[in-house]
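In what follows, every heavy atom counts, from backbone to side chain, and hydrogens, waters and symmetry copies are set aside.
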Amino acid sequence: MRIIWTFLLLLIVLLKSDVAYCDYLVGLGSYDITGPAADVNMMGYANAEQIASGVHFRLRSRAFIVAEPKGNRVVFVNLDACMASQLVTIKVLERLKARYGDIYTENNVAISGIHTHAGPGGYLQYVVYIVTSLGFVRQSFDVLVDGIEKTIVQAHENLRPGSIFVNKGEILDAGINRSPSSYLNNPAAERSKYKYNVDKEMSLLKFIDNEWGPVGSFNWFATHGTSMSRTNSLISGDNKGAAARFMEDWFERKGSVRTDSAEFESDEGLPRRISNIIPTLHDNHHELLELAASFQSPPGRPATKTSSVARRVRGALRQVNKPRFVSAFCQSNCGDVSPNVLGAFCTDTGLPCDFNHSTCGGKNELCYGRGPGYPDEFESTRIIGERQFKKAVELFNGASEQIKGKVDFRHTYIDFSKLEVNVSSNGASMVVKTCPAAMGFGFAAGTTDGPGAFDFRQGDDQGNPFWKLVRNLLKTPDEEQIACQQPKPILLDTGEMKLPYDWAPSILPIQILRIGQFVILSVPGGCLHIVWSAHIECIHSGIQEACTRSHQWPACRIRPATPRPSRQANRFTNTSSDGCNPSWCKFWGL
């Protein structure tokens with residue numbers, strides 16, 4: 001009898017340990033979120049003249065859910081959009097609560113954007129982010145809320161026993177530092193810690209269904225969604241959206257031709273392209289357009305359903321009811337990373353831009369980065385997407401480290417306008433405070449991916465009397481704010497501007513999702529390389545210390561991943577913990 005009780009006690013201990021979490025419930029989903037493709041300002045470059053006039057390729061929302069069989073679960077949603085939005089998240093969570101009760105909440109649902117600069121704007125809730133779209137655009141907002149909800153519903157309905165594997169590797173030719181002179185201002189001791197001046201590492205999760213085999217992959221890699229320029233007018237997922245489509249097409253093709261290579265044959269002997277850059281018009285081009293216009297577009301269908309026609313025609317190629325493969329190329333710490341890897345050149349002379357200020361003859365408007373397909377931005381989009389795709393295939397095929405451990409999450413709101421921070425200088429320690437947000441003169445100069453207008457310059461620490469006069473017509477910053485923001489001269493005191501509602505957020509969400517030894521940090525900002533690396537070291541050591549104290553060291557070996565902000569509170573949103581900003585909702589009738 002004592003042996004039996006000892007065995008039962010041992011069994012209970014094992015069930016309560018991480019041994020019980022080797023397998024998970026895994027579900028993935030995907031849905032169209034393209035939105036209005038004409039007469040809507042695009043989000044990203046803050047260019048009022050960049051108005052959508054068509055579609056390069058359609059945008060999608062992709063999500064995974066990982067759940068313990070009888071425990072916690074987490075949801076990660078990746079959007080082919082510039083960023084997520086607190087208001088969008090709130091409305092999505094309201095719908096999920098109506099469907100599932102308290103299973104999915106702000107605590108365990110993270111929503112992130114790939115940071116394409118070629119998607120429709122107007123769906124955020126602060127003046128700064130919707131001023132170029134001339135206010136709130138209901139169509140943009142609705143398609144995101146609908147698409148994210150349906151994506152999560154699909155992933156929920158696809159939940160099945162499965163396992164997860166992780167892999168990582170470097171991509172050396174898909175991103176460069178677009179502010180190298182700024183990077184050199186970091187202390188040499190700091191720079192010496194890192195091999196490159198940007199993050200070159202891709203981390204990938206491979207999802208396996210116990211019955212169907214591989215059903216998807218999500219990866220994180222830092223490069224901006226700016227292969228498409230600030231003058232582009234076609235809706236596009238840019239290089240990451242292209243990479244996701246390449247990967248999904250590759251897997252569908254792989255299932256039928258049985259190849260593990262990233263290269264698959266097409267009519268041209270090259271990997272399938274998103275589109276032809278300069279299509280050749282056939283003699284009967286207009287007849288084909290009229291014929292195409294005569295067909296009605298079918299409604300979307302859930303990822304797990306297959307029509308009877310498809311069953312008859314393609315039944316031999318794919319198993320009926322098997323979930324479609326979902327691949328997401330998520331954003332990471334891309335603050336200083338440009339996909340325009342040839343460098344920045346002056347459009348008038350063809351010479352390299354000024355190294356320190358990214359100007360040409362003192363003007364920032366003439367300095368543009370060049371992608372690998374220059375002068376064809378569509379080709380650059382394809383090439384940078386293809387480079388990410390090929391590395392993802394390599395990591396996918398080689399993933400052998402299995403994710404094991406608990407599923408957990410943490411979420412909180414922090415008021416970043418009044419944080420106290422301990423800093424050290426020359427051996428002395430002091431406490432400093434943050435202050436409300438403000439945009440500097442250097443911000444208005446833009447970047448080499450999308451330069452600003454007028455006479456602004458990157459790195460300007462003095463300001464301009466004329467623009468200070470213009471600034472004061474909107475809001476004159478007080479002495480305390482000026483002192484707090486030094487040495488940055490204030491162009492727009494956005495954190496203190498409240499009419500007709502808040503111009504910028506102060507209270508921002510921070511979120512951590514844990515799946516075994518893999519941790520996703522959802523943070524409010526597009527971090528720079530050294531800044532983010534320091535954060536990773538700090539957070540990693542904190543988690544390790546907490547795990548050691550709780551005697552769970554084996555379950556807490558961390559491989560950090562860094563998506564764009566979960567609520568995109570980053571530069572882009574906020575609210576208080578009770579939801580929608582009251583003055584904003586009242587203004588727009590929500």
Side-chain angles (χ1 to χ4, degrees), residues 35 40-48 50 79 81-93 106 111-113 115-117 119-145 148 335 413-419 434-440 443-444 446 452 471 473-475 477 481 485 490-511 522-526 564-590:
V40 174
N41 182 251
M42 289 176 155
M43 181 68 194
Y45 286 114
N47 177 13
Q50 189 186 16
L79 305 176
C82 190
M83 66 225 34
S85 154
Q86 182 89 28
L87 185 65
V88 168
T89 299
I90 290 169
K91 295 303 179 182
V92 168
L93 292 175
E106 66 180 5
I111 302 176
S112 176
H115 208 38
T116 175
H117 287 38
Y123 57 89
L124 290 107
Q125 68 202 73
Y126 291 92
V127 173
V128 166
Y129 313 121
I130 59 176
V131 65
T132 57
S133 62
L134 304 181
F136 185 63
V137 180
R138 190 67 191 232
Q139 282 181 292
S140 298
F141 174 80
D142 287 343
V143 75
L144 282 172
V145 174
I148 296 170
Y413 290 95
I414 297 175
D415 188 342
F416 279 81
S417 68
K418 48 187 177 184
L419 279 178
T434 60
C435 44
M439 291 179 170
F443 155 81
R471 170 200 68 190
L473 295 176
L474 294 171
K475 170 72 170 64
Q481 176 76 333
Q485 292 288 341
I490 299 173
L491 175 63
L492 289 173
D493 190 15
T494 53
E496 298 185 313
M497 298 168 70
K498 306 295 182 182
L499 296 176
Y501 46 85
D502 287 1
W503 279 54
S506 297
I507 302 171
L508 308 170
I510 301 289
Q511 190 171 25
S522 294
V523 297
R564 293 293 293 185
S566 58
R567 298 290 181 272
Q568 227 50 5
N570 91 31
R571 306 173 300 191
F572 313 117
T573 12
N574 137 50
T575 66
S576 59
S577 57
D578 60 353
C580 181
N581 182 302
S583 60
W584 192 96
C585 292
K586 182 178 180 180
F587 188 90
W588 292 107
L590 294 177

Once rounded to the nearest 0.5 Å, what's the spacing between atom [atom1] of [X] and atom [atom2] of [Y]?
| X | Y | atom1 | atom2 | answer |
| --- | --- | --- | --- | --- |
| K418 | S506 | NZ | OG | 9.0 Å |
| M83 | H115 | CE | NE2 | 5.5 Å |
| T494 | L474 | OG1 | CG | 11.5 Å |
| I510 | S522 | CD1 | OG | 9.0 Å |
| L93 | I111 | CG | CD1 | 6.5 Å |

Of all the heavy-atom pairs spanning [X] and [Y], show the shortest one and how long it is.
| X | Y | answer |
| --- | --- | --- |
| P477 | K475 | CD-O, 3.4 Å |
| F141 | K91 | CZ-CG, 3.5 Å |
| I490 | R471 | O-NH1, 2.6 Å |
| G135 | S133 | O-OG, 2.9 Å |
| D502 | Y126 | O-CD2, 3.4 Å |
| Q125 | Q86 | OE1-CB, 3.4 Å |

Does any N or O in the side chain of [X] come within less than 3.5 Å of the main-chain N or O of [Y], such that one atom is a donor and the other an acceptor?
| X | Y | result |
| --- | --- | --- |
| Q511 | E106 | yes |
| S417 | C435 | no |
| Q485 | P436 | yes |
| S140 | Y123 | no |

Is there a side-chain contact between I414 and L508, using heavy atoms and a 4.5 Å cut-off?
no
Name the one of V131, I130, T132 that satisfies side chain to side chain contact (heavy atoms under 4.5 Å, CB included) with N41?
T132
